[in-house]
Structures are given as structure tokens and as C-alpha cells.
Amino acid sequence: MRCYGMIIDIDKCTGCYNCFLACRDEHYGNDFPPIALAQPFQGHFWMQMNERERGIYPKVKVSFIPKPCMHCDDPPCAQASLSGAVYKRPDGIVIIDPEKSRGQKEILSSCPHRVIFWNEEKNIPQKCTLCAHLLDQGWGEPRCVEVCPTGALLFGDLNDPKSQISRIWNSKQVEVLHPEFELKPRVKYMGLPKRFIAGTVIFKDKDECAKEVKVTLTGRGKKQTLRTNNFGDFEFEGLEEGKEFTVKIEHSGYTPQSIKVQTKQDVYLGEILLKRSSKR
Amino acid sequence: MNKDQEGEKIVRTTVWSPGAGCHGGCGVKLHVKNGRLVKVEGDENHPWNQGRLCPRVLALTQYVYHPDRLLYPMKRAGERGEGKWTRISWDEAFDTIEKKLKEIRDQFGAESVLFCQGTGRDIGGPISFLAYAYGSPNWVQLGLAGQSCYTPRLAAMFATQGDYAVLDAGQFYEKRYDAPEWTPPKCIIVWANNPVPTCPDAFHGHWVVECMKRGAKVITVDTRTTWMASRSEIHLQIRPGTDGALALAMAHVIINEKLYDKEFVENWTFGFDELKERVQEYTPERVSAITWAPKEKIINAARLYAKSKPASIHWGLPVDQCPEGTTVAQAIAHLWCLTGNLDIPGGEVIARPAFGVTTYPFSSHELTALYGEEFVKKLTGKRIGAKVYPMVANFRGWAQPDMAVDQILTGDPYPIKAAWIQTTNILGGQAADTRKHYEALKKLDFNVVVDTFHNPTSMAVADIVLPAATFPEKESFRSWWAPLSVVVPAIKVGECKSDWEINLELARRFNPGAIRYKSVKELINDRLKPAGVTFDELAAEGSWMMPPEGHSSKPYRRYEKGLLRADGKPGFNTPTGKVEFWSKKYEEWDLDPLPYYDEPPESEVRTPELLKEYPLVMATGRRSSVYFHSEHRMIPWMREIDPDPIVEINTKTAADLGIGDGEWVYVENRRGRIKRKAKVTPTIHPKVVMVPHGWWYPETDGREPNLFGIWDINCNQLIPTGTQSRSGFGGGAYKTTLCRVRKLEKER
Ligand code: SF4
Ligand code: SF4
């Protein structure tokens, strides 16, 4: 038995929208009973695209986060549905039965990922099927994966130990979009944007970028140290959201500086002026 | 090739313009069922894109079968702008056009008709062919101020290197990234371009991504933080229009720190000492003040680029739109020559049309063979701008657009009476000073528009409208640069004809003696002769073919092998046989032979008073992956992704102005104002706003005075004409005018 999974690599996604469109192209105007009925002409985003812009000028990062149904192993949508209208197939795909789900609009709000859409005309909830109709015909991947020009979407059989996806499925770099929901999704991610703390250090006396200056970050029981680059820039990436950190900047001959930071948002501290220490 | 499966056949072809809109090149598989296009997939066997595609082609069926598509020829029934049309036959259309244009030719001379095209797509061939057959020297990208799109860069490369060069992503090899001859660049400067959604100038954006996957470090020069910029080692977020200063400062670092390729400079270049002297005034300190980029970043970018070998530069159209675009392009091109990256694997590869096939006779040599020497001389003599600008007279045969529109209005030195407008929505698209072009075109006696949809231009000024075929409907061919490919017809829609078909028919009527082709295919086969292949053979081969090893259109190091010059000697195709840092051609064309920097016509440096009133730099033209210039606004799935004409404004700037995300604002300057929806974002420089171009509302009334809403939203109304470079090419101020933004209360 196959067991499907997908890993979306955010570092590779350029936000081209091909995946969204291929999904539309596949499902608009085409019924695939009993898996799904046709998507409406507009308004449904079975593969959503979210643009994330982080930071402030001049320290800004851009990422795109494609988001299909996560095909959770503990799907609340299935629990919320009546008469088994939403069910999980043995291969892991979560399907909304287009017949049984008729009229069950409540299913939409049961999904914390917000990936179910209401089809007004047909009176049914709809979402990504991982193109189960194609997989059942022997396709190796859904349409979105097929058209992704950068290889940002990795799809495969988790039961096949040799598949590329199963080799990395449980590795540290692979993460879940919303771990707090605890839904064991079959769609995971790599390179999801977190929070960064960055800044630019300047030697005040020389009015010059401060290279090779030691910067230490403490917080969440951890300590990280790095050195500023040629532009006096430093950056700590992949930090937890909404936490307290302390940035300490030290260089011999200069007065050390300590700055307390909150990662509610990404933080660019701007130019930090290091002053000559008085004793010298 | 064509496999039948439930009455469905698959046609492999190459994309070139109508439908996709772009500069083309991708291989696709067209799924055709019962004569109808049902699906498009990327062709994994085509070396250009290796199966990759873009949203516009994925939604191609919506373009091809759009209910608003022009399906048959029409003539105007009411006044211009009333939107009343009568269907006519092709015969009537051709007869009317022939009669009208022959009358004008007899009375005013062939030069009184302008042959107008948009950006360089599958049109240069058909339209120049028609213009020359008619006898007019005035083939023009009317509206494109300073002809500021690729022509300046091409001219600079031609003048200093004798050839054109592009980032080498293995595109001349079938096996691409696996070709043993190729190595990936270690460093890429993405200079003023957002390659992924763009696919500019015969370049597929994803090639850069593929090089990144293979280790290329990226330096981005861009006033916006694009996806690519935020993945770069160094991002130089410069003031629009100052690219020339940046290039000269980088040359300063590379020369003064002796990071240049001594062997290459010594043996293969001319004028190094003069260049060295010239760059001394462009210190990183001074240029930092000009460009807003930190000095250290300029120095480090120059070092990273020069110390990585091979390294490559991928540049975009903002280079052309800098003041003195031709000299800015020269300065940037000098960087890859200083570092010896020209025509080496993973560097800047010399790009020649595959097999030497050109889609149209555009060299004076070929034209002379066709029409005789006297005709060609006369043509050049009458071309608009040729007397003022030697480059206009001697490079490529374009008339100068800013002068062309003025000449329509003044009739000086000779009257302009008609316009043939093909593949260009002048008023909704490229025209700077839209109103001036509107008035000029209205003044003409006779206008023909050939397009796929009605648009503001056809509505406002057309007397006859002809329906053009999209790429799945047409026979064509392409050699920009490699592979050599053909566009294979798979379907038929309405009575649409391809630009080639239309123009061949009229060319025959205008000049029966010179035009001997009986069909488009015959014409194509004739042009394909240097490759020893026919249209049908190429179509049967999956639509493409790469030039063989040893051919002058195949890399690398052709300057060592004597493959570039007509005399067969090693060296470059320039007067000195070397890369000319000090350009003899520029000197001959009355231009400074060395690169220099010039300020934009409106700027914090040149017009500080104006800055007080208009404190923001207005850059236009950022690309969207769902649109191509002014196209595709009527394609539902594209519009849904990018629904509104926006203005990108920095988070802090917007806060200072009290503007919230999604609010409607005025963008205004001395020339007028437009409405836009604010997109508040940290990605744009705080002193710059980005206003996407090409906006009109196809869903609104196309008749006068609305004209699909252009007077409300078209940003080119705020751009002046007449800012062209001293060469005549470059300098359209599309990215450098000053403006202000203010909140629009209540309305809309
Ligand atoms: S993501 Fe939402 S719709 Fe998909 S399985 Fe999980 S809960 Fe259900
Ligand atoms: S197709 Fe791939 S690169 Fe394009 S948006 Fe989707 S995931 Fe990103």
C-alpha cells in the first residue's frame, strides 16, 4: 500500500503560481467522481499562494508559501462531517465525498488550515484531493507537482524506503506549518520563514562598517555567537516568534552594547554605533 | 510525433508571442481534441525550458477562446472612438488597405507611413518585411521613448564587442546543465531585472534559478527586494537611473585593485588605459552618494564578481531606460570584458542567431541584394532621426520614436499620413506622454491595427482592424538565439491570420517584383536555408535544432578560433579586432567613446527644487508573472491573481503619508495624475514608488472618452517624451521621474 506525502521547500518556491493554475486547469470543468466534482471557474484556491514579506528597509526577505490541504492524519474535518462525508483513504489522502457532503457547510470552519472552499452552485465543500484521480490511474504525482518549475514540491510514497521523500520525511529540516494544531499533516515544509534579528554595526569614531565584531544572542535557554560580515551586518535567522532575546555586541577597545529584543515581528535593529571605550 | 488517443493529438511546438505574449522560446505540447486546444504542457524534451512553463501559457485556452477575441476583419462604421464596426472580408480589407496606402505613397511618398510594432517578438520579421516592400524607412516602436528596450544594450555590445552576449546557462547545448562543455557561473549579477516572472529578451528566467541550484552566488541590483534579491549575497538597492555610475565604480575597483583578467585585457582589448583614466573619477565614495548604495557593498560586489570565474551578468531593460542608456550599457558590458568572461563557459556567451538564420533581411547587405543599393540609401536618408543621430542611421533600421510622434504633429520635415499598427497597444502600453500620442494618431488619415483583442489604441484610432492568430494557430520560425525552432500550427480560430500571412499578402501587393514567395511556408523554408532544413523537417523533429560544433553560432572562445570576423582572423568583429573599451564606433557616431554617468532629467541632484514638491522617484514597469506588458488583463485566471493597478509604496513612507494598504491613491507629477491602489510593502525603497505599467480595464467601456479606463490608470501619462540619449537610443524616463502620492478621499 502506498502512503503519500508532500514536502514543500520554501527556499525553492519563486511564487510563480503554476501550481495553483495547474490545479485549476485540472479541476475546473472536470468531474472526477467519487473523488471530487468540478471546481468552480473562480474563487477556489485548492493550492493557495501566500506571499510573506518580512523585515523593514533595508533588511527585507521575501518568501512564498504554497498551501494545499495538509491531509492530516487526525483530520478534524472528518470528525466534523456527518455520515462519513469526509474520510481518510488508506493511502493517506483526505477526501470530501461530493455526494455525502452536500449541504454540510460547517465542514469549512472545522479546518484550522482554512483550505476548504464552498461551492455555492453545487452546494458542497471542496478542497485539494492531491489529484487522487490521477494517482489512481498510475500517475506518480499530482498536477501541481508536475508543473512546479523549481522542484519546490516533492511528492512520493512514504512507504517506499528508497523514495526521496521518505529519506528526509523525519529529518530535522522538515517541519510542519502549524505544529500547534497537532494534526499530523501529510504535507510538510522546509525553509519556512521564522523570525530574524539583524543589525548593522558601525565604529562611531571611524564612521565605518564594523567587520568581524562579535555578536552574541541569548534567549530561550540558548546562546549563539557570530561575527559581523564585511558590511558590519549580522543576522540570526530561524528564531521563534514572540520571544525575548538579548543581543550583545563586543569588540576590544569599544564599549560593549546589550540590546533586548522581542520577536513579535522580524527585527532589524538598524545601525548600531559602537563607541570607543574610555579606558585605553 | 502526434499521438492519437481518444481523438486527442499532441502537437509539439515553440512558443512565440500572441497568447503567451512574451519573448518566447519555450517548447510546449499542445493537446488538441476535435480541433480544439484543450490543454498545454511544457515539453520536457525541449532544451529551452525542459518542461517548465508559466501561468500565461497554462491558461492559454482562456486567451485563445476568449469571447472578446477579434475573429474577423472589421472596418470602422461610425466616428473614430465610437466603437462601431462592420465585419468585412479579408479581400475587402486587403483591397482597402492596398488602395489607401498606395494613394498615400503616390501623393506623399512611402516614408509618410509609419510601421509601428511593440516589443520585439514574432513581429520584427513580418513588419520590417512589409515596411521595406512598401518602401518606408519608418519602422518604429512608436511611443517607446528613446527606443529604450534592448536596442541600446544591443547597440553598445555591437559597437564595443562586435557581437551580442548573454548570460551563459548552457542554452546553446542540447543537454543544457549536463553538457560537458558548460560550467555554471560562480557568481551572477542580476542587474535591474526580475528574471523569474519576466523571461526577458530571449532568456528564460528559470535559467538563473538553475544556476543558483548549481552554486552560483547572486548579486542583485534592484530598487525592489525581489525574491531573487532576498536570496542574494549582496543586494544593491540603488536609486533608479544611476546604474551607469554603479558600473563605473565597479570598474574602478576592478581596475585599481588589479582584479581584471590581465591576459585577456592585454591580448584582446583596446583602450584599457583610457578606460582606466576615465573610471578614476568614479570612486566608490562618490558613487555611493549618487546611487544610495553603501560604499562597502559596491566594493564587495565588484570584488565578488571579479574574483569568481566564470562569472556572468544578466541585465534588464532599466539599463536602457537610464539617461544615456547606450553608454550605461557600454559601462556594464565592459565589466565582463575586463574580467575576461566573454565567450567562456558560464560567462557571457556570444549569442548569434542559430545557424546564421535570421527571420528577416535586416542587414544592409541583404536589403541591398533584395531591393538594390539606391533604394537602401534612400531609405536610410529618409528615416526619422537618421540625420540627427548617426546611430539611428547606422544601427538596425529603427526610426527614432520621440521624433516620430513630433513629426506626426508638426509635419516637419515631411508629413506623416498613416500608421500601420501591429502587435502594439500604443495608448494602453508603451507610449510615454499618452495624450500626445493619442492626438498624433488621431490626426492621421488612415490607421490599421492588427491585434488579438480590441484595446484602447484600436478603439481610439483604428479605421481597419485585422485579427491576428495566436501561436498555436500559426506557422512561424525563430532563431533568437538558439535553438533554431519553428512554430507549428495546431488549431484554427475564426478567420484569424498570422502576422506573417497578413504581411506577406500585402507585401506582394505593394511590391510584386521583389516578393516572390507564394506562401509563408515558402518564405520560411527560404530563410531556413543556411541550416539546411525545412519547416516540415523541423516540425517533425519536435520543432527545434541546435547548431553544431564548429559553427560560428556555437560557443565558446570563438575569438581565438577566427569564427567571429568575416576575414576569418582571430579577434572580434570590431574595427580594431579587439573588444573596444574606447569605442571607435561610438567615436564615428559622434559619441563619447568612453562610458560616463549622467543624472536623470528629474532627480534629487539635477532638480532639487522639484524634489520638494515631488519627493518620490516613480519607477514603472515591474513585471507580473501573469501579464505581459499591457496584455492579459482580460484573462480571468490571470486577473484573479493580480487584480488591481497598484502602486508599491514602502511601509514607512506610506505611514508618513497616512496611506493604508489597499487604499486608493493619486500618483501625480507635473504632467498629470493617475489612480492606483496602494500596496504597502517593505520591499520597495522608501524614496521610490513602483507603478506597474500597461494597465487598462478591458471590462469597462472601450469607447471614447473612457477608452477602457486608460486616462484614469495608465502611468505612462506621467512620463515625458524627448529625453532620449545623445545616441538617439535609450534614456526613456520610465523609471526616473519625480512624483508624489496622496490619498484619494471617498471616490472609487
Ligand atoms: S488541512 Fe484541513 S481539510 Fe485538510 S485534512 Fe487537515 S483539517 Fe482536513
Ligand atoms: S509551482 Fe513551484 S515554484 Fe511555482 S509557486 Fe508553486 S511551488 Fe512555488
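Chain identifiers are assigned alphabetically (A, B, ...) following the order of the sequence lines, protein sequences preceding nucleic acid strands; residue numbering begins at 1 within each chain.
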Checking B/Thr61 against chain A: side chain, backbone, both or neither under 4.5 Å from a heavy atom? neither

Find the one option among A/Tyr57, A/Phe64, A/Phe45 whose heavy-atom pairs under 4.5 Å with chain B are most numerous. A/Tyr57

Could you name the residues of residues 213-224 of chain B that have a heavy atom within less than 4.5 Å of a heavy atom in chain A? B/Lys213

Verify side chain to side chain contact (heavy atoms under 4.5 Å, CB included) between B/Thr651 and A/Ile56, making sure each step is shown before the conclusion. CA-CA 8 Å; B/Thr651 322; A/Ile56 54 168; 6.0 Å; no

Going by heavy atoms in the side chains, are B/Ile641 and A/Leu21 under 4.5 Å from each other? yes

Answer with side chain, backbone, both or neither: which region of B/Pro636 has an atom nearer than 4.5 Å to a non-hydrogen atom of chain A? both

Give the interface residues of residues 682-690 of chain B toward chain A, defined by a heavy-atom separation under 4.5 Å. B/Pro682, B/Thr683, B/His685, B/Pro686

Does A/Lys122, at its NZ atom, have more than 12 non-hydrogen atoms belonging to other residues, nucleotides or ligands within less than 6.0 Å? yes

Can you tell me if A/Gln137 has over 12 outside heavy atoms packed within less than 6.0 Å of its CD? yes

Could you check which of A/Asp25, A/Asn230, A/Asn229, A/Val62 has the highest count of heavy-atom pairs closer than 4.5 Å to chain B? A/Val62

Taking only residues two or more places apart in sequence, or in another chain, which ones meet B/Trp637 in a ring pair (Phe, Tyr, Trp, His ring centres under 6.0 Å)? A/Tyr28, A/Phe41

Could you tell me which portion of A/Cys148 (side chain, backbone, both or neither) has an atom closer than 4.5 angstrom to a non-hydrogen atom of chain B? neither

Are more than 12 heavy atoms, taken from residues, nucleotides or ligands other than A/Lys206, located less than 6.0 Å from that residue's NZ atom? yes

Assess whether atom CD of B/Glu699 is packed by more than 12 heavy atoms of other residues, nucleotides or ligands within 6.0 Å. yes

Neighbours of chain A found in residues 50-60 of chain B - heavy atoms under 4.5 Å: B/Arg52, B/Leu53, B/Cys54, B/Pro55, B/Leu58, B/Ala59

A/Lys204 atom NZ, neighbour heavy-atom count above 12 within 6.0 Å: no

A/Ser63 side chain reached by B/Arg231 side chain, heavy atoms, under 4.5 Å: yes

Rounded at 0.5 Å granularity, tell me how far CD in A/Glu51 sits from NZ in B/Lys679. 4.0 Å

Check whether any side-chain heavy atom of B/Glu296 sits under 4.5 Å from a side-chain heavy atom of A/Asp233, and report yes or no. no

For A/Pro149 and B/Glu210, work out which heavy atoms get closest and say how close. O-OE2, 4.1 Å

Heavy-atom pair with the smallest gap, counting every atom of A/Cys16 and B/Ser625: O-OG, 3.7 Å

Greater than 12 external heavy atoms within 6.0 Å of A/Glu121's CD: no

With a 4.5 Å cut-off on heavy-atom pairs, point out which of B/Ile299, B/Asn300, B/Ile234, B/Asn49 contacts chain A the most. B/Asn300

For A/Arg52, is it the side chain, the backbone, both or neither that has a heavy atom under 4.5 Å from a heavy atom of chain B? neither

Rounded at 0.5 Å granularity, tell me how far NZ in A/Lys59 sits from NE2 in B/His235. 11.5 Å

Taking all non-hydrogen atoms of both residues into account, name the closest pair between B/Glu640 and A/Phe20 and its distance. OE1-CZ, 4.5 Å

Using a cut-off of 6.0 Å, state whether more than 12 heavy atoms not belonging to A/Asp207 lie near its atom CG. no

B/Val209 and A/Lys12, any side-chain heavy atoms less than 4.5 Å apart: no

Portion of B/Met212 that has a non-hydrogen atom of chain A nearer than 4.5 angstrom: neither

CD/A/Gln164: more than 12 non-hydrogen atoms of other groups inside 6.0 Å: no

